[in-house]
Structure formats: structure tokens, C-alpha cells
Colleague: 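Before we start, here is the structure in question, set down as C-alpha cells.
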Amino acid sequence: MPSHLKTGRILAVSACALFLMNLSGCTTVKEYWEYYLGGIDENAREATGFEKIAEAKQHGGTIRVPQGLEDPKTDPTMDVPPISKKAMSYPVGDDLDIRAPVAPLRSDLGVHSQWSHGEAIVWFEQGGEHGVSSEADAWRLLGTVLKKMNIGTGKVSADQYSLTTAVRDFNEFGAPYTPADLNGGAMKYRQVYRIRIGRNQNGDLGIASILIGSMTILPLSGKNIEDVLNPIEQERFAMGFSNAIIHVLDGSSDEGATSGNAAVVLGRDHNGNEALMVDAHYETVWAALRKMLPEYNWEIKEFSLSNGRLLVDVDDQDAELFHNKGVDSFALDEGEYTVRVGEEDSKTVITFYDKDGMPLKAGTVDRIYSGFAQALTRELTRSAGN
């Protein structure tokens, strides 16, 4: 590309960024800048110069014995084996990741996390109050924990006590992404983990997790951006994920929009559109939607059970209404929408479309998800109790 064209493009982007800053705030400008210039803003990961490490460099060299002193006696058996220069290289200066590591977590239940041989492990200590004494116990507990974290399962090998999670969004600390993260403009990581259950040499049971897939998402627009995770970052996420499991076991985490056996998670329908996946029968979900939607100013204009279609008119999404009902706002603009309900792999799938029949963008569905899942789960629980 000619230099004058490249310069013009940067000036144009800069001008647009200044214009957007006046309209939508710094978060929107940041997303625009990151998407159109490529890559993400890594300021939070890099040294700023104030730490006095930005100009740090590696230096070789040996210990120097002052002239006139005899070399001390040495023991050849204690000689350090030669190490290649490549093996000794590590990030310095501006390449240094200065974010605090995710520390291991210990619970009063007799559970702790540990990074070992490329896996983040939640260990169940013998004699602890966790109530886990066998692989089957740990497997059942894992299923309950994943539901509370709104994490679906993909491939499951129950006979080997291992599974691969469904796609789920996480924050920088390996914990499930929340509305608070979205409101703060926090970066979103769409990830998949492989989890297995096993024992160590002492016979302790553990749940081991490893990150096997990650995609970085701009939170407001839902656009994918280039960001290859290095081994240190992969460890951070996996350890954060294991710590999130312990938080759920402690009962100190309220990540879920679940109750009983009805889990509502984010996923993709068979057309690849962002959708809500409900662990409940089609007719049950359909009946719950018919009762729930009008309570939140979603007027049902038309519906067809056989076609799995509801035409709704969304009225003013008053924050006070959601506050009084104890759920997060659905965060959807007024207008006409279509809600399609279907069945896939023994789960009920809910996909949202605008008045022109186009599926809502992933970022919009993400904003709807929290409050909608809370309200739907509550209605499903109420219906199950009748």
C-alpha cells in the first residue's frame, strides 16, 4: 500500500474515532480502533515505563574473580549442565506481561487449586468436608457446578470421566462473563475447556482443566479480533476457571441463571446464530415463554406452536420493572421482534430476529441473555412446582 494512502487511512480512522468519542464514549472508540487497525489494546498487559523495566535487557556474563584471589575449590558433581541461550530467553522490557498471576485458591471445604503439568487442577483433599470420595461423586458434582456456571457440555465420555465444554464467554480472570463485565467494557473471551477427573499418586481426587480453544471478542459489537494467547495466558485462564469452580463449591459465587434441572446457556443454533440453549422440553419452554413475556412488556401479537414462532412487540424496557422483579434488564430496544423456538440435541433453542427477519447480533443477544435467562428459569421453576 502506498505510504500516502496508509497515512490517509490512519487519519480517517483517527477522525472517526474522535467523532465517535463525542457520541458513544471511550469504550466504543476503543472497539472501533481495535477492529479497524487490527489487534487489541494491550496496554493492560504491558509495562508503561513507570515500572522502570521498559528498557530492561538480558545480559550474559560470568562471575568475575578479583585479580590475586585463587579460584575456590569446586565439586564437579555440582556443575550446572550447559543451557542453550534459547532456553534462557524470556520476555523483558515492553514484552513483559505485568498482570498479576491467578493465584491458587484454597477452601475451608478441603479443596484447593494447583497448576501442574499443563493443567489447572481442583484437588479434593482426603478428610475434607467436600463430600467427594469417588470418581462418581466428583463427576456428579462437576455436572452440578457447570450448570450453576451456565456452562453447557459438548463431547462427553462418562466412562472415562471426561468432557469438553460447550462454547462459553469468560472474562480476563477465567470466570464466566457477567453483565457487570459487559457494562465495564471488559474484553470477552469465547472459550472451550477440556475437563477430566483422576487421582494423583497419593490417591487424592482432582478435576483437571485445560483451555483448548479461545477467541477474543469486542464486548459491544461482538466482532472477533486477532489475539493469540501465549502459554502464560493459557495458564491464567485455566487457573481462573478452576478457582471459579471452587467459588461455586463454596457457595460464594452467583454466576448462574439456573434452578433445579433447567439450565439456560448461550450457544449457537443449527444456522450458526447466537441463541439461548435451555435444558428443558420444548413444550415446557414454550408454555413458560407464553406466560413470561407479557410480564416484561413483551406483547405477543401472534404465535404458532407447530412452527415454534412468536411475534412480539417490545414496549418500554423500564429499569424499575426489572428491578422490582429481581432480574437484570433485557436491554433490548423497543420494536417488533420474532422469537423462534426449536429443538436440537434434546435441548430447546431460542433464537431472536428483528422485524426484517434478520437474526440479532451476538452482542445484542449477549446483553439480553442475563435477564432473560433469569426470568425464564424462574418461570420454569414456578411451572415445575405447580
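Atom set for the values below is all heavy atoms of this structure, side chains included, hydrogens, waters and symmetry mates excluded. The structure presented is a predicted model; accordingly, all values stated were derived computationally and were not measured.
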Colleague: Between K347 and D269, is a salt bridge (charged side-chain N to carboxylate O under 4.0 Å, His left out) present by the stated rule, with each step listed?
Modeller: CA-CA 11 Å; K347 295 184 182 296; D269 64 15; over 6 Å; no
Colleague: On the 0 to 90° scale, with breaks at 30° and 60°, tag the F352-F372 ring pair as parallel, tilted or perpendicular.
Modeller: perpendicular
Colleague: Please determine if R290 forms a cation-pi arrangement with F303, meaning its NZ or CZ atom is less than 6.0 Å from the six-membered ring centre and no more than 45° off the ring axis.
Modeller: yes
Colleague: Strictly distance-based, threshold 3.5 Å: is any side-chain N or O of E344 a donor or acceptor partner for the main-chain N or O of H270?
Modeller: yes
Colleague: Work out which heavy atom in H130 is nearest to a heavy atom in E125; give both atom names and the distance.
Modeller: NE2-O, 2.6 Å
Colleague: Counting distance only, does the side-chain N/O of S157 pair as donor-acceptor with the main-chain N or O of Q160 below 3.5 Å?
Modeller: no
Colleague: Ring of Y353, cation from R340 - is the NZ or CZ under 6.0 Å from the centre and inside 45° of the axis?
Modeller: yes
Colleague: Determine the interplanar angle of the Y193 and F170 rings, folded into 0 to 90°, and report it as parallel if under 30°, tilted if 30 to 60°, perpendicular if over 60°.
Modeller: perpendicular
Colleague: Answer yes or no: is there a donor N or O on one side and an acceptor on the other, between the side chain of S162 and the main chain of A158, under 3.5 Å?
Modeller: no
Colleague: Ignoring hydrogens, what is the shortest heavy-atom contact between M292 and A375? Give both atom names and the distance.
Modeller: SD-C, 3.6 Å
Colleague: If you draw a 6.0 Å radius around CZ in F173, do more than 12 non-hydrogen atoms from other residues or ligands fall strictly inside?
Modeller: no
Colleague: Under a 3.5 Å distance rule, please check whether D356 uses its side chain to pair with a backbone N or O of M358 as donor and acceptor.
Modeller: no
Colleague: Can E119 and R196 be said to form a salt bridge (charged side-chain N to carboxylate O under 4.0 Å, His left out), step by step?
Modeller: CA-CA 10 Å; E119 293 179 305; R196 68 181 184 88; 2.9 Å; yes
Colleague: Looking only at the side chains, is there a donor atom on one of Y189 and E172 sitting less than 3.5 Å from an acceptor on the other?
Modeller: yes
Colleague: How many angstroms lie between CD1 in I151 and CG in L146, if you round to the nearest 0.5 Å?
Modeller: 5.5 Å
